[in-house]
Amino acid sequence: MATDEFGKLFKRAWGDEDFTALTVEQQSLYHKLISQPDISLAGVLTLAPVRWARQTAGQTVETIEDTLDQLEAARFVVVDKSTQEVLVRSYIRRDLGWRSPRTMKGIAGAVERILSSRLRVAVARELDRIDTSGLSEQVSEKTNRSTRQVVEETIASLIADTPSDTPCDTPSHGVSDTPSDTPCDRGSLTRADNGKSKRNGNSNGNSNPSLRSGGAGGDLSAELATIPESTAVAAAPANTKTKRGTRLPDGWFPDRTDAALKLEAAHDDAWLKRELARFSDYWQAKTGRDATKLDWTKTWCNWLRNAEDHQTRNRPTGPDWNRWAAEARAEDAAERGQTWTENTPSQSSAR
């Protein structure tokens, strides 16, 4: 992650054809940018050619500006002179800070502080390329979400808040994975938003007032990868809603997915209705970013799992139940100034 003490230089860059094709001046400036003290978690820093030139003997402002233009042409950086900002294009993905939910929140804050719309679009494209499939899916008892859920929801929220009509006018020729292998002219963010197989994708079935019926969903990524840009943009709105988190609406009911049906089958209707009421009250009262979800049915499934785990941990059985009951009766007798034994009549029978 970005800190004031060090910056990461990845060894694999020396095996990358596009990076090794750069001149010594271009590589030097790239390394200088990613090690600047003011670079943010989003890979954005202030455009400061005068300061950068002074950091190396023999360099001039003109040399720095020319080399920066060359790096932008090679798609290693994006520059916006109107806002005086520079983006190291692949910084977020390569720094790997996104794997931590806490650092991901810092990245989100850094992205929101970007002034340039062009840079916001470029960052969104990089965020959309992050593969979250290797993140932990273990649900935290404290947050009721897994690491993967937190990261994916944050990424989706940032992409959804990006202006999709802003052109990215940097060159579009292909480059390897070190800078970015997604040319800017391969479609708008609307197209990129369509559910990737490596990351979420909400399967929304038909809502049904019964907790004992079924449903299904789908994915458009394979088709969108091969159809023309104009067609892809036109088809995208039907699925882009899965990328934006929403609050739990009034009267919400879980979709009839296989996972939900399997979890619900272990409980009676009275218990399910009670948990659904608790679930709705909790999330509708919650505020902030955490109050929005991409998939409320999956959140409901996690709620059920946590409720079952809580019951298992706290349900007395066998000798533990007898001891718990005896302690409860002893406390009740003490409150009335009595001493409880096994022969002591219960409060109800004494009456």
Side-chain angles (χ1 to χ4, degrees), residues 1-10 13 16 18-19 21-56 59-98 103 106-130 158-159 162-163 166-173 175-185 189:
M1 70 183 67
T3 72
D4 293 333
E5 299 181 2
F6 62 88
K8 292 180 180 177
L9 300 179
F10 289 96
D16 182 88
D18 292 285
F19 187 77
L22 298 178
T23 65
V24 63
E25 292 82 7
Q26 293 165 353
Q27 290 181 354
S28 176
L29 180 57
Y30 183 85
H31 287 153
K32 179 176 288 189
L33 294 179
I34 64 176
S35 59
Q36 288 298 304
D38 64 329
I39 191 167
S40 73
L41 288 170
V44 176
L45 61 162
T46 302
L47 178 61
V50 175
R51 185 179 72 211
W52 299 338
R54 289 177 178 174
Q55 292 172 342
T56 305
Q59 281 198 328
T60 65
V61 174
E62 291 75 16
T63 300
I64 291 289
E65 291 177 339
D66 289 344
T67 305
L68 190 63
D69 289 342
Q70 295 163 12
L71 285 177
E72 185 169 25
R75 304 191 70 254
F76 280 82
V77 301
V78 179
V79 180
D80 192 329
K81 294 182 179 179
S82 66
T83 61
Q84 294 291 289
E85 293 173 303
V86 179
L87 166 68
V88 179
R89 188 184 292 273
S90 62
Y91 188 87
I92 292 179
R93 289 189 298 112
R94 295 305 174 201
D95 192 53
L96 303 180
W98 55 267
T103 305
I107 292 173
V111 172
E112 291 169 355
R113 290 191 292 272
I114 296 175
L115 301 177
S116 169
S117 295
R118 284 189 59 228
L119 267 61
R120 287 288 297 269
V121 170
V123 167
R125 293 183 185 280
E126 292 301 311
L127 289 171
D128 196 47
R129 297 176 61 205
I130 290 177
L158 291 172
I159 292 176
T162 301
T166 303
C168 185
D169 53 7
T170 54
S172 59
H173 54 277
V175 195
S176 77
D177 198 42
T178 297
S180 172
D181 58 11
T182 305
C184 281
D185 62 353
L189 280 176

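Note that these values count all heavy atoms, side chains included, but never hydrogens, waters or copies made by symmetry. Keep in mind the model is a prediction, meaning the values are calculated, not measured.
Side-chain contact, Gln55 with Gln36: a donor N or O sits under 3.5 Å from an acceptor N or O.
Among residues two or more places apart in sequence or in another chain, the side chain to side chain contact (heavy atoms under 4.5 Å, CB included) test is passed with Gln27 by Trp14, Phe19, Leu22. With sequence neighbours excluded, the residues satisfying side-chain hydrogen bond (donor to acceptor under 3.5 Å, both in side chains) with Thr83 are Glu85. In this view, Val50 and Arg54, Val61 satisfy the side chain to side chain contact (heavy atoms under 4.5 Å, CB included) rule, not counting sequence neighbours. Partners of Gln84 under the side-chain hydrogen bond (donor to acceptor under 3.5 Å, both in side chains) rule, at least two apart in sequence or in another chain, do not exist in this structure. Listed by chain and residue number, Lys32, Gln59 satisfy the side chain to side chain contact (heavy atoms under 4.5 Å, CB included) test with Thr56 (two or more places apart in sequence, or in another chain). Residues passing the side chain to side chain contact (heavy atoms under 4.5 Å, CB included) test with Ser35: none are found, sequence neighbours excluded. Applying the side-chain hydrogen bond (donor to acceptor under 3.5 Å, both in side chains) criterion to Thr67, with sequence neighbours excluded, gives no partner residue. Not counting sequence neighbours, Glu65 has no partner by the side-chain hydrogen bond (donor to acceptor under 3.5 Å, both in side chains) test.
Taken to the nearest 0.5 Å, the CG atom of Asp95 stands 9.0 Å off from the CD1 atom of Ile34. Interatomic distance, Leu158 CG to Ile92 CD1, rounded to the nearest 0.5 Å: 8.0 Å. Taking CG of Leu87 as the start and CG of Leu119 as the end, the distance is 4.5 Å to the nearest 0.5 Å. Taken to the nearest 0.5 Å, the CD1 atom of Ile159 stands 5.5 Å off from the CG atom of Leu127.
Thr46 contributes no side-chain N or O that, together with a main-chain N or O of Ala48, makes up a donor-acceptor pair within less than 3.5 Å. A distance-only check finds a donor-acceptor pair linking the side chain of Thr60 to the backbone of Thr63 [under 3.5 Å]. Between the side chain of Arg89 and the backbone N or O of Arg75 there is at least one donor-acceptor pair closer than 3.5 Å.
Of all heavy-atom pairs between Arg93 and Ile130, the closest is CG-CG1, 3.5 Å. When all heavy atoms of Ala122 and Val78 are compared, the pair lying nearest together is CB-CG2, 4.1 Å. The two residues Ile107 and Gly97 have their closest heavy-atom pair at CD1-C, 4.1 Å.
Contact check for Ile64 versus Leu29: side-chain heavy atoms found under the 4.5 Å cut-off. At a threshold of 4.5 Å between non-hydrogen side-chain atoms, the residues Val79 and Leu71 do not count as touching. In this structure, the side chains of Leu68 and Phe76 stay at 4.5 Å or more apart for every pair of heavy atoms. Using a 4.5 Å cut-off on side-chain heavy atoms (C-beta onward), Val44 and Tyr91 make no contact.
Glu72 and Arg118 are joined by a salt bridge, as a carboxylate oxygen and a charged side-chain nitrogen come within less than 4.0 angstrom of each other.
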